[in-house]
Amino acid sequence: MTILHTLGFPRIGAHRELKFALERHWRGEISADELESVGRALRARHWALQRKAGLAFVSVGDFAFYDHMANHIQLLGCEPARFGFSGQEAPLARYFTLARGVAAENGAPDSGRPALEMTKWFDTNYHYLVPEFGPETEFHLGSERLFAEVEEARALGYPVKAVLVGPLTFLWLGKSRVPGHDRLALLERLLPVYGQILARLGQLGVEWVQIDEPILGLDLPADWRVACEGAYNRLAASPVKLLLATYFSPLEDNLQLACQLPVAGLHVDGVRAPRELAAIADWLPAHKQLSVGIIDGRNIWRTDLNAALEVLRPLAAQRPLWIAPSCSLLHVPFSLEEETALAPDIRSWLAFATEKLEELGLLQQALDGNPAQVAAALEANRQAIAGRRASPRVHDPRVAGLPADADRRASPYARRQYLQRQRFAQPLFPTTSIGSFPQTPEIRAARAALRRGTLDQGAYAQQMRAEITRVIRVQEELDLDVLVHGEAERNDMVEYFGEQLAGFAFTANGWVQSYGSRCVKPPIIYGDVSRPGPMTVTWSRYAQSLTDRPVKGMLTGPITILQWSFVRDDQPRSDTALQIALAIRDEVADLEAAGIAMIQIDEPALREGLPLRRQAWKPYLAWATRAFRVAASGVADQTQIHTHMCYAEFNDILPEIAALDADVITIETSRSGMELLRGFGEFRYPNEIGPGVYDIHSPRVPAVAEMVRLLEKAAAVIPPERLWVNPDCGLKTRAWPETTAALRHMVAAAKTLRAAA
């Protein structure tokens, strides 16, 4: 009989209950016990949904108050010593300290504790907290949370499949804080703790443990491959059955290794690696359980159930089969139930987390039951798939062609730099921010009132102009050199543009977690993309009219719009990226014509979109960087093009970042202590660069001396005349008091370095 399960489920709740509870707790409005109560209620609700959908187990261990990797840092007892925990602090308080840091006391830079570094989870838009390792790192069983949640589920009568990040993946995703230290050397210390965890789970009556090793889809060094085999030989003695879970990528050269590891079962991503399924079925010993991720856990399109059955039936004829989504459903919205405003045909093309569980049930019935029972559902599915393919909504004849020289600036960078310096006459270490300023309750209330129809467009525009005026005046008072309009009118850096482009659809409640309490509502690209008209020009022109200082026009780049949307799967992503690039190019031209002299095209997702296998990097980077250049290259030499990137490892794609040919790039570097900048220096990055000097994802306000220290490190690897000074990222999620305090310190730090130059 076919068994159903899921690798994980959205944590935030149907209405973002977790987000709101977290933020209330951080504001001191609810206690830790009250927050824990919210967590218990959400877990119980989500487990009930899983069982109602016919899943054989509920997944326990996928829930996190901030991040599942942070859960494992506590579980494995490796909280970094630099946080100075005494052991008397409550576990939840320590947990949030890891994620959010601690502010410096009385301006003393050494008294603060910066949060753990944060970066992207493989090629998704989910951010995880990076474990910190060193030669001194030790491990021990440091948290009871996982075991308590298992007991919760069992008390509710549910059979449990516990979920763990595997030891190799945990070490791989961490970072050694000591140069030259090999984090793989810590495996011998780590494995006994995994052994203890598995033993405890067995004592609690858990039969199956899903142990996630997605790094088996990467190009692993030989020593990691050898270590993987040795590690699982040791863990094989545990009293529970291990389901080794891989996802996001084909196994390729790790296929035989994964099939031969001494585990009871193997989960593979049948969406990202469909061509490997036959080989896996051949290699995997008959006594091992095969789990196929046949439902896309990363995108929101309805599964072609008839095509899925063609894949599954031959496998089910050979062996008992488990079926599941390809990966955790963390990456998709909760439910379509409330999306009544979507066009009915578009809605019929979609499946969110709860609908994906229902799709699993239909597949199980078709494989195991009477096919007549599901014939009507399969026919409805077939009609929906065919309707999408033929829909006139999808194919738009307005999409423009590509000019022959669309991806080249008129002059090389050296010439542009000379002309721009003549035009702007900026001081050494010019200061700016990344784009957004705090979205206050008043701003959000005005936007909500506009949506409800209780505030008309004229009154809304007046309120937004007042906010832009205030933001410009604040920046002038702080003495920033290059200003921004603050993006008060924007709900999200991708959704705002998608709402004004053809080929996009939007949900009312399609939220997914990005990190912690931060949720995003990705647009749905269902068809050809074009720009009916200007999107940002009115706001940017108004902001520039208020000041003699340059105000950057702020746009989101084509790759970031692509990556942070749910993208159509019926044409190559490169084609969609080029369509978006042409739309952004038109906007850039209109901004320049309106007198905007600096235009920032943000591409934080460029590195995120990199395929997990190196052999696929070159073609991706070729079309991705070309899309940016198409968007940016239709301007005069004197117009300065900026871009921004954050929360990713950039050093392995520096030639391609240089190939973007942006005049100025700003990057996130503060959490890594300017470590990311070292690669730019060694590469001799030719254009100007702004390394972030403070982390905007924490309420912590660094002291001036701390920022000066970071800038001095930056100036040691990048010539000072090419350095800008800025925060790590946009300030949308911060409050005004900490924002103005941090920016005041940042400007003071820049002036300190100017005086010393």
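Hydrogens, waters and symmetry mates are skipped; everything else that's a heavy atom, side chains included, is used.
- Arg82 has a carboxylate O that lies under 4.0 Å from a charged side-chain N of Glu132, or vice versa, which qualifies the two as a salt bridge.
- Note on Lys19 versus Glu23: salt bridge recorded, some NZ/NE/NH1/NH2 to OD/OE distance being below 4.0 Å.
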- Go through the steps for His127 and Tyr66 under the test ring pair (Phe, Tyr, Trp, His ring centres under 6.0 Å), then give the verdict. CA-CA 10 Å; His127 303 65; Tyr66 199 98; over 10 Å; no
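- Relative ring orientation between Trp121 and His68 is described as perpendicular, the plane-to-plane angle rising above 60° on a 0-90° scale split at 30° and 60°.
- Between Arg447 and Glu442 there is no salt bridge, since none of the side-chain N atoms of the basic residue sits less than 4.0 Å from a carboxylate O of the acidic one.
- Using a 4.0 Å cut-off between charged nitrogen and carboxylate oxygen, Asp479 and Arg549 count as a salt-bridge pair.
- The line from CZ of Arg541 to OG1 of Thr536 is 10.0 Å long, rounded to the nearest 0.5 Å.
- Within a 6.0 Å sphere centred on CD of Glu34, heavy atoms belonging to other residues, nucleotides or ligands number more than 12.
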Name every donor-acceptor pair, under 3.5 Å, that has one atom in a side chain of residues 499-509 and the other anywhere in the protein, sequence neighbours excluded.
unit_1 : atom_1 : unit_2 : atom_2 : d
Glu499 : OE2    : Asn491 : ND2    : 3.2
Gln500 : NE2    : Tyr496 : O      : 3.2
Thr507 : OG1    : Gly510 : N      : 3.0
Asn509 : ND2    : Ala14  : O      : 2.7

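- Using bins of under 30°, 30° to 60° and over 60° for the plane-to-plane angle, the ring pair His331/Tyr126 lands in the perpendicular bin.
- Taking 4.0 Å as the cut-off between side-chain N and carboxylate O, Arg700 and Glu706 count as a salt-bridged pair.
- Residues His25 and Phe96 place their aromatic rings such that the two centres sit under 6.0 Å apart.
- A salt bridge does not link Asp123 to Arg607: none of the charged nitrogens lies less than 4.0 Å from a carboxylate oxygen.
- Side chain to side chain, Ser530 and Gln579 fail the donor-acceptor criterion of an N or O pair below 3.5 Å.
- Within a 6.0 Å sphere centred on CD of Glu337, other residues, nucleotides and ligands contribute 12 heavy atoms or fewer.
- Between the side chains of Lys732 and Gln439, no donor-acceptor pair of N or O atoms lies under 3.5 Å.
- Salt bridge Glu587/Arg531: present, at least one basic N to carboxylate O contact under 4.0 Å.
- Using modelled atom types and a 3.5 Å distance limit, the side chains of Arg11 and Gln513 yield a donor-acceptor pair.
- At least one side-chain heavy atom of Ile665 sits under 4.5 Å from a side-chain heavy atom of Ile667.
- Using a cutoff of 4.0 Å between basic side-chain nitrogens and carboxylate oxygens, Glu688 and Arg722 are not scored as salt-bridged.
- Atom CZ of Phe429 is separated from atom CE of Met746 by 13.0 Å, given to the nearest 0.5 angstrom.
- Between Trp724 and His642, the angle of the ring planes goes over 60°, which puts this pair in the perpendicular group of the 30/60° scheme.
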- Message: Please evaluate residues His15 and Trp511 with respect to the criterion ring pair (Phe, Tyr, Trp, His ring centres under 6.0 Å), reporting the C-alpha separation (whole Å), side-chain torsions for both, the decisive distance (0.1 Å), and the verdict.
- Response: CA-CA 8 Å; His15 300 99; Trp511 298 97; over 10 Å; no
